[in-house]
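Bear in mind that the values here come from a model prediction, so they are computed numbers and not experimental data. Lettering of chains follows the sequences in order, A, B, ..., and the numbering in each one begins at 1.
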Amino acid sequence: MAVIQREISISFPELLKVEKKEQKHILPDLEDVKGKVVMRLAPSPSGPLHLGHTRMAILNDEYVKRYGGSLILRIEDTNPSNIDPEAYRMIPEDLEMLGVKVHNIVIQSSRLEIYYNEARKLISGSHMYVCRCDKEVEKKYKLEMKACPHRDQTAEENLDLFQKMINGELASGAASVMLKTSLNHPNPSLRDWIAFRIPPAEHPLVGRKYSLFPTMNFSVAVDDHLLGLTHVIRGMDQLNNTYRQKFIFDYNNWKTPFYFHYGMISYPGALLKTSLMKRGIKKGDFSGWDDVRLLTVRALLKRGYRNETFRKYWIDSGLRDVDATFSWEIFNSINKGFIDSGAKRIFFVKDPVKITIKDAPDIASSIPFHPSDPKMGSRNYLVKKGSDIYVTTEDWNSIPSGENVRLKDLCNVTKTGNSAKYSIDQEPMKRGKIIHWAPEDSSEFSVEKPDGTIDKGVIEPEGTKVAGEVQMERYGYVNSFPKKGMGYYTHR
RNA sequence: GCUCCGAUAGUGUAGUCCGGCCAAGCAUACCGGCCUUUCAAGCCGGCGACUCGGGUCCAAAUCCCGGUCGGAGCACCA
């Protein structure tokens, strides 16, 4: 059989081609699509977007692009204690850099009157009541499946108290608005949940004008309806919230959007808590939101990840309800696929050691910028007789004295003690070690790595003219900023 | 503890709804080879998986029950 195949491939190579079908991952169709879709991204403005957010952003964007319709960025800022005013600016920036097309931006703190009105309707319909119990007492009632004394207040009493809350006549914690569900619901977190409360902190956008804020479950339900959401895809962690929000849809006879909850992704060892990143920045552990040790979108892009990489990674991962682990291995490999063909090859000599090549003539060296793309040209050097070159300490120390080694695209040398001797034999070495080098007039260069360390060394002169994503040969891919004499390590 | 999800190779996934074409596809990693003056890319080949136990059925990764393991949530965060 093998013989026959070989014969076929010689005479009819195209016959064998058919067998291999490249399988590309495609997101499953959304259920219940009638015409265009309306979907949303709903981050809270506690900081810029990070790796964990990119999934929801890209998945929603993909579906809106597939079916047509609109993608709403809804900034969920109903908890004044957890807001970074800068986030209102950073989040749209991040989305744009990711290639996510947002059609409409909605800020919840500008819609408080809308929530109040919807609340009045539900209070009038006896679906909500103002509770003045202490937090702990209230909790106890629920665990015991009992009604608190305020649950039976009349709608008029509740409306009156609600207005007092709006007017700022009640202090934080003095009262809250509860949505009636079912006191004996088996899932305790679905029993009468909080719809409004008076937070202790002042809201950075609306300031003193408002002191009563809905909880996310209330504002999300109202907005999902009012904004005409057709499909909501979000993490499994939101499942209980979906059940909670369902009560509001039911009381109002609203049609619910189509929900899908995807499995949770775990990011082993990753710092993805915005609050912790923020604390680190404040303390000075990180230089800012784009510190390369952080996994924010801006830091990752600065390191040299392409926005296409995020997209392909999340599409490949699919939309499933299973939990999964984020794989840097795959993520980096995808990114390499995007950057390699355009990345010029550059010699970066880390921890350089200067050596003289004894007995060498003037040597002209021409090195292609890309081994498989001659159109990218080459860099040319003349290493004059008697001048020095740099190689990495690691390479140099790994070569035993007396050993021949190839300086890539320059010449063969023999290590003799602490110096190198121009080899008699300059034929291409098939088996030997090939190392990279940099000429004497190279510049200092350093590479910042995501683990916080910095590799210092020298970069070949032509390397100082190439900005952006390059491949430092035998080192790794680097997003280079030669004017600053440094770059950020992307990955191997 | 309670409520709710889930379980395919080292990793990420396809297939599971509507049982047979799945002695399980793809990617990545790894191993071997080709190419190559990079330990890159590319090409070829290889390794490697249906959580366990029972049931239904001519037939189960796919349906049912149970165990185990893992995950999410648990009430004024979103």
Original post:
Charged N to carboxylate O below 4.0 Å: is that the case for A:Arg311 and A:Glu62?
Top reply: yes
Only pairs with both distances under 3.5 Å count, Watson-Crick or wobble alike; so what is the partner of [N] in this structure?
N: B:rC30; answer: B:rG46
N: B:rC63; answer: B:rG55
N: B:rC2; answer: B:rG73

Once you round it to whole Å, what is the distance between [atom2] of [N] and [atom1] of [X]?
X: A:Arg320; N: B:rU11; atom1: CZ; atom2: P; result: 14 Å
X: A:Glu329; N: B:rC30; atom1: CD; atom2: P; result: 7 Å
X: A:Leu239; N: B:rC2; atom1: CG; atom2: P; result: 18 Å
X: A:Phe331; N: B:rU28; atom1: CZ; atom2: C1'; result: 14 Å
X: A:Leu276; N: B:rC77; atom1: CG; atom2: P; result: 17 Å

When you check the phosphate oxygens OP1 and OP2 of [N], does a side-chain N or O of [X] lie under 4.0 Å from one of them?
X: A:Ser372; N: B:rU36; result: no
X: A:Thr325; N: B:rG12; result: yes
X: A:Lys336; N: B:rA40; result: no

Original post:
Is the charged tip of A:Arg379 near the ring of A:Phe347: under 6.0 Å from the six-membered ring centre and within 45° of its axis?
Top reply: yes
Original post:
Does A:Glu169 CD have over 12 foreign heavy atoms under 6.0 Å away?
Top reply: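 Yes.
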**OP:** Choose from B:rG6, B:rA72, B:rC77 the nucleotide whose nearest atom is closest to any side-chain atom of A:Asp321.
**Re:** B:rG6
**OP:** From the options B:rC74, B:rU38, B:rA72, select the nucleotide whose nearest atom is closest to the side chain of A:Lys408.
**Re:** B:rU38
Subject >> Presence of donor-acceptor pair under 3.5 Å, side chain of A:Arg345 and base of B:rA40 >> reply: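 For A:Arg345, whose side chain was compared with the base of B:rA40, there is a donor-acceptor pair (under 3.5 Å).
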